[in-house]
Chemist: 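This is the structure I want to talk about, given as structure tokens.
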Amino acid sequence: MKPFHSKRPLWPVFVVGIASFITIALDAKVAWSGGPEVIDLISPATCRQQLGRFLGCTIPSHSVALPTIESAVPLRTRVRRIRSGDCTTQYSLELSVTARNQASVRFPYVRDSELVLRRPDGGAIDVVTIADASPYTKVLVVADSCRFSLQISPNEVDIDSKEQAAKFIEHLQGSVAEKTAECHRYQRLAINGSANAFLRAVAESFLTELTSDSMIRLRASAQESVASLAQLTGATGISDDDRRNIMTLMVVLPQLGGPDLRVDGTPKKTLSDFIGPTASDVLATAERLSKRSNPHEVTDDAAYQCAAVDLERLTDRLTLAQAQLAHWLNP
């Protein structure tokens with residue numbers, strides 16, 4: 001089993017608040033300017049003025065690119081209507097507001113002052129498209145003092161109280177704890193699988209005459225299994241006799257070595273020969289414990305690696321969330 005190592009650098013996280021609003025000019029596709037660029041919905045720019053009245057208003061469709069931020073907390077984008085003057089009308093004027101890849105939402109901007117947009121996954125909205133959705137805009141007649149404009153506050157943290165912030169952090173901490181436990185569980189399974197696989201190899205070659213190559217392979221396998229064998233000796237369900245036999249095996253294995261002497265008449269040794277009088281006990285332990293081997297040991301190792309990646313991601317998210325909500329958590 002290979003230890004998990006993150007390849008992703010942990011860069012410092014800077015959380016930048018977005019203080020200004022976007023004011024939408026509904027006559028072109030523009031990017032966020034960062035300033036109060038005011039373009040009205042109902043104004044001399046979009047309506048014909050006659051005898052103290054606005055009439056024949058036209059609101060072109062418009063898309064605006066919004067600034068996005070990396071966020072561990074769900075985000076919302078608020079669309080606000082700004083009204084002034086005498087805007088008395090019998091008509092219900094509406095806009096169609098669409099976040100990229102989301103369903104359109106109707107915004108009756110005469111009746112309502114705000115529309116809140118949220119992605120199902122809580123992520124940032126990068127583009128909003130706004131279009132006139134009312135058949136009454138062209139027949140509207142209102143006092144020429146009437147003004148409607150539209151502003152967007154993009155990708156705000158969707159938290160409104162200290163209680164909400166604390167509850168969200170508590171939820172993330174629970175997720176980190178659950179993933180940590182899962183990671184440890186898969187790690188134990190993978191380590192046990194490694195130890196049992198080695199004991200199975202020992203049992204299969206115990207009485208076989210060892211060549212130089214086979215001894216080298218067995219030593220290498222033993223070195224890779226030192227940690228897992230050590231853990232196995234401390235596991236529950238292992239008898240004291242089995243623990244002693246495993247320790248005997250761990251002591252003997254580094255002594256394996258030497259050339260193949262069969263050619264000049266010197267008999268080769270088996271692993272049993274190296275162990276000596278307690279060989280039969282060691283073999284019995286190796287055979288017994290190897291049968292505990294998990295047939296899914298490779299899957300367990302892969303699952304551990306995946307769980308470790310998920311744990312790092314959740315831990316990073318918790319750190320970022322705590323920074324984003326610091327003004328609620330530490331006022």
Side-chain angles (χ1 to χ4, degrees), residues 6 8-26 28-39 61-82 95-107 109 112-131 133 149-176 179 309-330:
S6 171
R8 180 159 55 87
L10 298 178
W11 301 104
V13 176
F14 298 94
V15 180
V16 181
I18 301 177
S20 58
F21 291 120
I22 300 173
T23 301
I24 305 303
L26 297 180
K29 183 174 182 178
V30 300
W32 177 65
S33 65
E37 182 182 356
V38 178
I39 303 294
S61 298
H62 180 81
S63 292
V64 61
L66 306 180
T68 60
I69 60 171
E70 180 183 1
S71 178
V73 182
L75 300 174
R76 66 186 174 210
T77 291
R78 291 186 293 167
V79 181
R80 291 177 172 177
R81 175 262 291 155
I82 308 299
L95 296 172
S96 172
V97 182
T98 309
R100 190 204 293 269
N101 299 324
Q102 306 298 318
S104 297
V105 180
R106 291 297 183 97
F107 181 24
Y109 62 91
D112 298 340
S113 63
E114 183 177 278
L115 173 69
V116 178
L117 302 175
R118 294 179 176 90
R119 276 178 33 176
D121 62 357
I125 294 173
D126 60 347
V127 175
V128 168
T129 300
I130 298 172
S149 62
L150 200 66
Q151 294 181 321
I152 295 180
S153 180
N155 297 314
E156 300 176 335
V157 169
D158 197 8
I159 296 290
D160 294 307
S161 68
K162 181 176 182 178
E163 291 72 24
Q164 287 183 357
K167 186 175 181 179
F168 183 79
I169 292 298
E170 183 180 352
H171 170 74
L172 282 184
Q173 289 172 333
S175 297
V176 169
K179 186 59 66 174
V309 170
D310 289 342
L311 176 59
E312 182 184 42
R313 178 182 56 80
L314 283 172
T315 302
D316 288 350
R317 186 183 180 193
L318 174 60
T319 301
L320 177 56
Q322 289 170 329
Q324 288 183 284
L325 299 179
H327 66 288
W328 287 115
L329 301 173
N330 306 299

Chemist: Between Asn155 and Ile125, is a side-chain contact (heavy atoms from CB on, under 4.5 Å) present by the stated rule, with each step listed?
Modeler: CA-CA 7 Å; Asn155 297 314; Ile125 294 173; 4.0 Å; yes
Chemist: With heavy-atom distances below 4.5 Å as the criterion, would you say the side chains of Ser153 and Arg76 are in contact?
Modeler: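 Side-chain contact under 4.5 Å: no.
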Chemist: Testing the basics here: between Asp112 and Phe107, what is the closest heavy-atom pair and its distance to 0.1 Å?
Modeler: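 For Asp112 and Phe107, the tightest heavy-atom pair comes out as O-CE1, 3.7 Å.
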Chemist: Does Ile69 form a side-chain contact (heavy atoms from CB on, under 4.5 Å) with Leu75? I'd like the steps, not just the answer.
Modeler: CA-CA 10 Å; Ile69 60 171; Leu75 300 174; 4.2 Å; yes
Chemist: Donor-acceptor check, side chain of Arg80 to backbone of Ser113, threshold 3.5 angstrom: yes or no?
Modeler: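 Absent.
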Chemist: Start with the C-alpha distance between His327 and Val157, add both sets of side-chain angles, then the distance that settles side-chain contact (heavy atoms from CB on, under 4.5 Å), and finish with yes or no.
Modeler: CA-CA 12 Å; His327 66 288; Val157 169; 5.9 Å; no
Chemist: Is any side-chain heavy atom of His171 closer than 4.5 Å to one of Ser175?
Modeler: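 With C-beta onward as the side chain, the pair touches.
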Chemist: How close do Ser71 and Gln324 get, counting heavy atoms only, and between which atoms?
Modeler: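 Smallest heavy-atom distance, with atoms named: OG-NE2, 3.0 Å.
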Chemist: Do side-chain atoms of Arg317 reach the backbone of Ala72 as a donor and acceptor pair under 3.5 angstrom?
Modeler: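 Looks like yes, one N/O pair under 3.5 Å.
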Chemist: Can you confirm whether Ile152 sits close enough to Ile130 that some side-chain heavy atom of one is under 4.5 Å from a side-chain heavy atom of the other?
Modeler: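 When only atoms from C-beta onward are counted, Ile130 and Ile152 do touch, with a gap below 4.5 Å.
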Chemist: Let's go through Asp126 and Leu66 carefully: what are the C-alpha distance in whole Å and the side-chain angles of both, what is the deciding distance for side-chain contact (heavy atoms from CB on, under 4.5 Å) to 0.1 Å, and is it a yes or a no?
Modeler: CA-CA 5 Å; Asp126 60 347; Leu66 306 180; 5.6 Å; no
Chemist: Provide the closest heavy-atom pair for Asp160 versus Trp328 in the form atom of the first, atom of the second, distance.
Modeler: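 Shortest heavy-atom separation between Asp160 and Trp328 comes out as O-CH2, 3.2 Å.
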Chemist: Rounded to the nearest 0.5 Å, how far does CG of Asp158 lie from CZ of Arg118?
Modeler: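 Between Arg118 CZ and Asp158 CG, I get 4.0 Å after rounding to 0.5 Å.
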Chemist: Roughly how far, to the nearest 0.5 Å, is CG of Asp310 from NZ of Lys179?
Modeler: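 Spacing of NZ (Lys179) from CG (Asp310) equals 4.5 Å.
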Chemist: Taking the side chain as everything from C-beta on, heavy atoms only, tell me whether Leu150 gets closer than 4.5 Å to Leu95.
Modeler: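 Touching, per the 4.5 Å side-chain cut-off.
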Chemist: Any idea which heavy atoms bring Thr129 and Ser63 closest together, and the distance?
Modeler: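 Scanning both residues, the minimum pair turns out to be OG1-OG, 2.8 Å.
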Chemist: Check Lys162 against Leu329 and note the closest heavy-atom contact, atom names and distance.
Modeler: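 Here Lys162 and Leu329 meet closest at CE-O, 4.4 Å.
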Chemist: Taking all atoms of both residues into account, what is the closest heavy-atom pair of Ile159 and Ala165, and its distance?
Modeler: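 Looking at all heavy atoms of both residues, the closest pair is CG2-N, 3.8 Å.
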